[in-house]
J.: 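Okay, here's the structure, questions in a sec.
What's counted below: heavy atoms across the whole structure, side chains too, no hydrogens, waters or symmetry copies. Positions are given from 1 along the sequence. As the structure is a computational prediction, the values presented were derived from the model and not from experiment.
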Amino acid sequence: MVSREVEKLLLKVQKPGRYVGGELNEVIKDKKNVDVRFAFCFPDTYEVGMSHLGMKILYSLFNSRDYIWCERVFAPWTDMEELMRQNHIPLYALESGDPLSDFDFIGFTLQYELSYSNMLNMLRLGNVPIKASDRTELKNIVVAGGPCACNPEPVTDFVDMFFIGEGEEVDLEVIELFRRCRDEGKSKREFLELCSQIEGVYVPSLYDVEYNDDGTIKSFTPQNGAPPVIRKRLMKNMDESYYPDNFVVPLIEIVHDRAVQEIFRGCIRGCRFCQAGFIYRPVREKSPDTINAQCKALCENTGYDEVSLSSLSSSDYSQIVPLLDKLNSWCKDEKVSISLPSLRVDGFSDDIMDKIKTVRKSGLTFAPEAGSQRMRDVINKNVRQDELLQTCATAFAGGWNAVKLYFMIGLPTETMDDVAAIARLGQAVVDTYYQTPNRAKGKSVRVTVSASSFVPKPFTPFQWEPQDTIDDIHKKQEHIKESITTKKLQFNYHDADTSFLEAVFARGDRRLNRVMELACERGFHFDGWNDCFDLQKWLELFEECNIDPAFYANRRRSFDEILPWDHIDYGVTKSFLIKECQKAYQNTTTPHCRQKCSGCGAAKYGEGVCFEER
């Protein structure tokens, strides 16, 4: 419900559909009949935010309660932002058109460290004070969750509370407490102190940090009865966990424009660079019957003709073939295609291939992550080259001729020969195509090799490791280019500058809040987009704040250093992560969770793969 003022601007912007709302399945409520208003903010464009599964789940969950109206807010692209500023139009929610400052809760999902500047910019655009200390009333409570809540310290000055872990239950508990505190006339401070007692809630203003002379953390002290350790929340039974039977259907094309069905949470694998593989432990699966029923309802209520089975590794779902049989029993007739977006090299069988190619064939994507077997052992990928080539041969024989391979460069212990091995492995896939006798005739092969830069992340075995310098990353990117000898192989690589800043904020502490505040004052936004990102401007901010960003990105930490996130518990013990890091130095792998329990600590939740019969 956009205002007349906004309507006048829409002809001047690139994609008006981002800003109007009114989509199929959006939720409209009467303001007089709701008790709590929640602005769900995604700190990126409409197309990116509308593709995010977590937002779809929580939007529907909140709106299933009569007394809560949850609305969507996205970051306006630069053209719209400029017009809004010129015409004094505050950032508004799509459903009501009301400004951000009208809401009780302003919630952000933090998926990526380079979206922090957008979070602050959205608050400023919505006429909401960016600093938590300047928001003194019991309204405009800024909350945040998502994977970046693993280490929330760089943005603790701006967020009143962080949700640690999965949000379906804890969010509603906080909203209920808010209603009670407001009825009882409690202050914001009293409300936050009560929230800190809820498991999975971190209130940063209730903790003091001291630093050593060398810049490392000396101590972390809770105040006013706040817990010394904040433990993550976890949904234990996925069949009983809330899942929407419809999604808001966008008016314009979005990044992932399809029905999305979550099939399990967590990952059994334990790749040592992968944050998601550790923070979402243990693996908890939905049953095939539940998944099938939810997929059918979504397609009926949205009109989508593609269902994406979402997880960290779809082929690790223990009943993947029976599930695909159930889905195909109606998908074929309804002309609905099934996509498995995260297949493992060692999980792509003839059986799976036959079942996902029934309606429509798209390209296949695999992530070997490293070119040499030694590096794959270092990162605990547990995939061999012969498995990858056999998988590609299976796909080529099944009619595919396009394969994308994802790699990472800058990993701990990596040599230039390991880097060149990425090109060699890509070449081996090209050769396999031409050696496959029953491949599609008359078509040439397209193999895309993509290399991102390693970013050390909290709660991984590599959280202590330094990131390669930007210069080193550039040398490795050039080395791959020089090692490619065929035009059948396309090479893409990620910008090293953005990876550097990502590493700074991924392992940063509270001293970075001042940098973020200055970035907001200077109008920084969309740092995850090349159109807007400027590392030089960031380096000037660090210098102004007397902060060396290399201290966070390029420094090796000792195992006994207090890390900025050590007061947060995601279920995996620090001793386990240290042991895994040491195994990496010895090129030694760890079996996955269904083969053998490695004692990571996640068994304490009493659910999931830890308690399956092996």
J.: Verify the distance criterion only: is there a donor paired with an acceptor across the side chains of Asp418 and Thr415 at less than 3.5 Å?
T.: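 The answer is yes; a qualifying pair exists.
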J.: How would you list, by chain and number, every residue that makes a side chain to side chain donor-acceptor pair (under 3.5 Å) with Arg557, sequence neighbours excluded?
T.: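 Listed in chain order: nothing, the list is empty.
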J.: Please, which pairs that meet side chain to side chain donor-acceptor pair (under 3.5 Å) have at least one residue in residues 599-608, sequence neighbours excluded?
T.: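 Listed once each, the pairs are Asp569-Lys604.
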J.: Heavy atoms, side chains only, cut-off 4.5 Å: are Pro204 and Val159 in contact?
T.: no
J.: Please list all pairs passing the salt bridge (Lys or Arg N to Asp or Glu O under 4.0 Å) test where one or both residues lie in residues 203-221, with sequence neighbours left out.
T.: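 Non-adjacent pairs meeting salt bridge (Lys or Arg N to Asp or Glu O under 4.0 Å): zero.
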J.: Indicate whether any N or O donor in one side chain lies under 3.5 Å from an N or O acceptor in the other, for Asp497 and Trp538.
T.: no
J.: Report the relative orientation of the aromatic rings in Phe505 and Phe542; use parallel for angles under 30°, tilted for 30 to 60°, perpendicular for over 60°.
T.: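 Judged by the thresholds at 30° and 60°, the geometry between Phe505 and Phe542 is tilted.
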J.: List for me each residue that meets ring-ring contact (aromatic ring centres under 6.0 Å, His included) alongside His494, sequence neighbours excluded, and say none if there are none.
T.: none
J.: Ring centroids only, cut at 6.0 angstrom: are Phe108 and Phe40 within range, meaning strictly under it?
T.: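 No - the distance between ring centres of Phe108 and Phe40 does not fall below the 6.0 Å cut-off.
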J.: Can you name the residues that form a side chain to side chain donor-acceptor pair (under 3.5 Å) with Lys481, not counting sequence neighbours?
T.: Glu478, Tyr493
J.: Considering the options Arg284, Lys232, Arg281, which one meets the salt bridge (Lys or Arg N to Asp or Glu O under 4.0 Å) requirement together with Glu166?
T.: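 Looking at Arg284, Lys232, Arg281, the match for Glu166 under the salt bridge (Lys or Arg N to Asp or Glu O under 4.0 Å) is Arg284.
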J.: With a 3.5 Å cut-off and sequence neighbours excluded, list the donor-acceptor pairs that the side chains of residues 190-200 form with protein atoms.
T.:
residue : atom : partner : partner atom : Å
Glu190  : OE1  : Ser187  : N            : 2.8
Glu190  : OE1  : Ser187  : OG           : 3.3
Glu193  : OE2  : Arg189  : NE           : 3.3
Glu193  : OE2  : Asn224  : ND2          : 2.9
Ser196  : OG   : Glu193  : O            : 2.7
Gln197  : NE2  : Gly225  : O            : 2.8

J.: Determine whether the aromatic ring centres of Phe105 and Phe178 lie less than 6.0 Å apart.
T.: yes
